[in-house]
Asker: 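There's a structure below that I have some questions on.
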Amino acid sequence: MPYNLSGFCVNRVLKSLAARKVPIPPTKLLVFHDDLDKKFAAFSFKDGGSCGGNKGLLSISSVLGTECFHRLRIGIGRPGVDSKSWDPKLIVP
């Protein structure tokens, strides 16, 4: 079982749209995802490329069979580097 199931969800949505005669190829897909290496609340656009260790992107690219989709990277910062990036109260035991 994969660590992250984002790819299966994206694939299901794309198949559902295709069944309704609204096909969207992976090259037209825009995926929003978190990025530890970006400062909290910063964002950037990336057109394809590697998954950079992001498990959600890895899941999506493995299910779709391509890394050729657009990404909007949203910074969450690294804990300890950017104090706004995390809150210990959010950790579920």
Side-chain angles (χ1 to χ4, degrees):
M1 171 94 45
Y3 175 73
N4 186 303
L5 301 177
S6 299
F8 294 102
C9 299
V10 168
N11 195 36
R12 187 168 181 165
V13 168
L14 293 179
K15 284 184 177 184
S16 177
L17 289 170
R20 292 184 173 97
K21 308 268 192 262
V22 186
I24 298 176
T27 56
K28 299 292 183 184
L29 184 65
L30 175 61
V31 174
F32 291 68
H33 71 90
D34 60 340
D35 190 331
L36 271 172
D37 293 325
K38 290 204 140 323
K39 186 177 175 182
F40 181 76
F43 63 92
S44 65
F45 180 81
K46 185 175 179 188
D47 191 17
S50 74
C51 298
N54 185 293
K55 303 293 187 213
L57 292 178
L58 182 60
S59 174
I60 292 168
S61 66
S62 66
V63 169
L64 296 181
T66 183
E67 291 181 333
C68 295
F69 50 88
H70 308 292
R71 302 104 191 268
L72 184 64
R73 305 180 329 179
I74 303 167
I76 60 173
R78 287 199 178 269
V81 174
D82 184 351
S83 61
K84 295 179 184 178
S85 65
W86 70 291
D87 183 342
K89 292 179 278 189
L90 299 177
I91 299 173
V92 179

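Remember, predicted model here, so these are calculated numbers, not experimental data.
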Asker: Do you know the tightest heavy-atom contact between Leu72 and Phe32?
Answerer: CD2-CE2, 3.1 Å
Asker: Under a 4.5 Å cut-off applied to non-hydrogen side-chain atoms, are Leu29 and Val10 in contact?
Answerer: yes
Asker: Please determine which of Asp35, Asp34, Asp37 meets the salt bridge (charged side-chain N to carboxylate O under 4.0 Å, His left out) test together with Arg78.
Answerer: Asp37
Asker: If we count only N and O atoms by modelled type, under 3.5 Å, do the side chains of Arg20 and Ser16 hold a donor and an acceptor together?
Answerer: yes
Asker: Is there a path of hydrophobic side-chain contacts, each under 4.5 Å between heavy atoms of I, L, V, M, F, W or Y residues, that connects Phe45 with Phe69?
Answerer: no
Asker: Tell me whether Leu57 shares a hydrophobic cluster with Val63, the cluster being built from Ile, Leu, Val, Met, Phe, Trp, Tyr side chains joined at under 4.5 Å.
Answerer: no
Asker: Rounded to the nearest 0.5 Å, what separates atom OG in Ser50 from atom CD in Glu67?
Answerer: 6.0 Å
Asker: Distance check, rounded to the nearest 0.5 Å: Leu30 atom CG versus Asp47 atom CG?
Answerer: 10.0 Å
Asker: Could you tell me whether the side chain of Ser59 and the main chain of Gly7 form a donor-acceptor pair under 3.5 Å?
Answerer: yes
Asker: Do Leu58 and Asn4 have side chains that approach each other closer than 4.5 Å (heavy atoms only, starting at C-beta)?
Answerer: no
Asker: Under 4.5 Å between side-chain heavy atoms, hopping through other hydrophobics if needed: is there a path connecting Leu64 to Val13?
Answerer: yes
Asker: So, does Arg71 use its side chain to make a donor-acceptor pair with the main chain of Gly49 at under 3.5 Å?
Answerer: yes
Asker: Is Ile74 reachable from Leu36 through a run of I, L, V, M, F, W or Y residues, each pair having side-chain heavy atoms under 4.5 Å apart?
Answerer: no
Asker: So, His70 side chain and Thr27 main chain: donor-acceptor pair closer than 3.5 Å or not?
Answerer: yes
Asker: Can you measure from CD1 (Ile60) to CG (Leu14) and round to the nearest 0.5 angstrom?
Answerer: 9.5 Å
